[in-house]
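The sequence lines fix the lettering, A, B, ..., with proteins before strands; numbering per chain opens at 1.
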Number of protein chains: 2
Amino acid sequence: MPLATQERTPVSRSRALRAAVELADAEGIDAVSMRNLAGRLGVVPMALYKHVANKEDLLDGMVDTLVADLPRPEPGPGWKPAARATILAAREMIVAHPWLRRVIESRTRRTPTVLTHMDSLAGAFIAGGLSADLTHHVMHTLGHRIWGFSPEAFDAPEEPDDATPPADPQEVAAMVEHMSATYPAITAVTLAAIDGDLSRLGEGCDEQWEFEFALDLLLDAFERLHTGSRGSRNT
Amino acid sequence: MPLATQERTPVSRSRALRAAVELADAEGIDAVSMRNLAGRLGVVPMALYKHVANKEDLLDGMVDTLVADLPRPEPGPGWKPAARATILAAREMIVAHPWLRRVIESRTRRTPTVLTHMDSLAGAFIAGGLSADLTHHVMHTLGHRIWGFSPEAFDAPEEPDDATPPADPQEVAAMVEHMSATYPAITAVTLAAIDGDLSRLGEGCDEQWEFEFALDLLLDAFERLHTGSRGSRNT
DNA sequence: CATCCGAGGTGTACGACGTACACCTTTTAT
DNA sequence: ATAAAAGGTGTACGTCGTACACCTCGGATG
C-alpha cells in the first residue's frame, strides 16, 4: 500500500528542463543522466521520454531554457555598444553555468530560441548600417563569442584535483627553469602575465579581461571595415 | 588449435594511435571505442590498456600524433606571414580529419606535443618583437583558431541526413517567406551570401574564406596594436 | 451513465560503453 | 637456465541511452 499520496506535480517539459539545469548547476553536467534526472523528479527514467525526444533534445532544451532569458540588443545608441552589451550578458550566463560552454559547443541543432538570439544580434549590426555581407562575416568572426565565450586554446586546463599543494620555492624555481628551457615563449608569456611573481603561478589569467580585449578588438576592426567602406565598396 | 600463426606485429602505442586515427577517418569518431579499436588490431579490448592509460589518453594521443607533424613557423620574413602559414597548415589538418575539431575542443590536458606547438607559435610573435604581454593577449584572441578552426556559432549544423531533396521552388519560396518573417536579419544575411539565388540555399558558406577573413582581421589588428605602441606604451 | 482515448507513468530488457582485476604467455636480459 | 618484464586474455561490474509493451487515470464524448 502506497504512502499517503504525496501529491507530485506532474512532470512537464519545462519542469524537466529546469530540473536538469539545476542538477547540472549543482552536480555538474555528468550528473545529468536520464536516470538521475528522473530520480530527481520522482519518476521512472522512461517517463522522461514523454517530455523530451531523447537526450540530445534534453540538452537542446536546457540551452534554450537559458538562452530564452537573454536580453535582446537595444536599438538606439549604435550597434557597437548594443552588440557589446548583449554579448557580455551572454557571458554572464556562461559564467553562472560553467557546464553550459561545453553543452553549447556540442549542440548540433539550431533551435528557434537559439536562432532568435542570433537573429537579434545580427539585426543589431544591420540596424546599425552594416551590409548583410559584412554582418555575415562579422558573425563568423565573433564565432562562439556570440555566446559569451571564446574557445580558450591558450587556457590552463581545468584542474578537477584539489588545488596544487604550495610546493617549496626551490622546487618551483627548478620547474620554471625546465619549462623555460622547453617552452621558452610560453614561459616568457606566463611570467609576464604574473609580473614575474612566482607565487602567483597558479592563478591563471583574467578570462574576463581577455574576453573583453578580444571582443573590443574585433568590434573596433568591424567598425573600421564598415566606415572605411561607406559608399565606396560593396561590403 | 589456432590457425597457422598469422604473425601479428605486436601492438605499440604509436601503432594503436595511428590505427585509431585511421579508424576515425574511415568511420567517424564514434567508431573509436576501445572494443572496436582493439578488434581492428586483432586484440582483446583490455590489451589496449597496456599502451594507453585510458580513453582520454587515447584521444590525447590521437591529437598528438597529428599535431606533431605540423610545421613550425619559419623564422624570417616577419611574424605575420609566419603565424599565418602555421595556422593555415593547422587548418589543413583539421579539414583532412573532420573529427579532429571536436576532439581538440574536448581535450582537457595539454600534452608536451601540444605545448610545443603553442610555444612555437607564441615564439613567432615574440621573435617578431611583440611583447610577452601582447603575445599573451594575441594567443587568447586567436583562441582555437590556433588549431585551424574557429568556433562556428554561425554555421549551418552538420546534417548527417542525406542531402535535402530538391524541394519544389514554390515550397522553398514559402519557407523563405516564413524565415524572413521570423528571423529577418539572419535571412537577409543568408540571402546576401547566396546573391539571392534560392537554388544555392543548401550550399552553406565558404568556411575557408570566413576563416581567413577572421584570421587576417585579427592579425592586422595585432599589428596595429604592436606598431602603435612601439616605444611609447608597455604592451 | 458508459465508453473511449490520450496523456502520463511503469517495468523489463538489450546492447553498447569504459575499465578493474586476476591470470596467462611470450620475449628479452642476465 | 632463469627471472623478470612486456604484452595479451577472460570475466565481470556498473553505467548509459532507449525500444517496447503495458498500465492507469482524468476528462471528453456518445
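Rounded to whole Å, atom C1' of C:dA22 lies 17 Å from atom OH of B:Tyr49. Rounded to an integer number of Å, the gap from CG of A:Leu37 to P of D:dT18 is 13 Å. Rounded to a whole Å, the CG atom of B:Leu48 is 11 Å from the C1' atom of D:dG8. Atom C1' of nucleotide C:dG18 and atom NZ of B:Lys50 are separated by 16 Å, given to the nearest angstrom. Rounded to an integer number of Å, the gap from CZ of A:Arg13 to C1' of C:dG8 is 16 Å. Across the protein-nucleic acid pair, B:Asp30 atom CG and D:dC16 atom C1' stand 14 Å apart, rounded to whole Å. What separates CZ of A:Arg35 from P of D:dG17 is a distance of 7 Å, to the nearest Å. A straight line from CE of B:Met46 to P of C:dA20 spans 7 Å, rounded to a whole angstrom.
Taking CG from A:Asp64 and CG from A:Leu17, the interatomic distance works out to 8.0 Å, rounded to the nearest 0.5 Å.
Contact annotation: B:His51 does not reach the phosphate of D:dA6 (side-chain N/O to OP1 or OP2, under 4.0 Å). Taking 4.0 angstrom as the limit, A:Lys55 places a side-chain polar atom (N or O) nearer than this to OP1 or OP2 of D:dG17.
In the set D:dG8, C:dG9, C:dG18, the nucleotide with an atom closest to the side chain of B:Ser33 is C:dG18. Considering only the side chain of B:Val11, D:dG8 comes nearest among C:dT19, D:dG8, C:dG18.
Salt bridge present: A:Asp57 and A:Arg13 bring a charged side-chain N and a carboxylate O closer than 4.0 Å. Ion pair B:Arg91/B:Glu212 not flagged as a salt bridge, since none of the NZ, NE, NH1 or NH2 atoms sits closer than 4.0 Å to an Asp/Glu carboxylate oxygen. B:Arg101 and B:Glu207 are joined by a salt bridge, as a carboxylate oxygen and a charged side-chain nitrogen come within less than 4.0 angstrom of each other.
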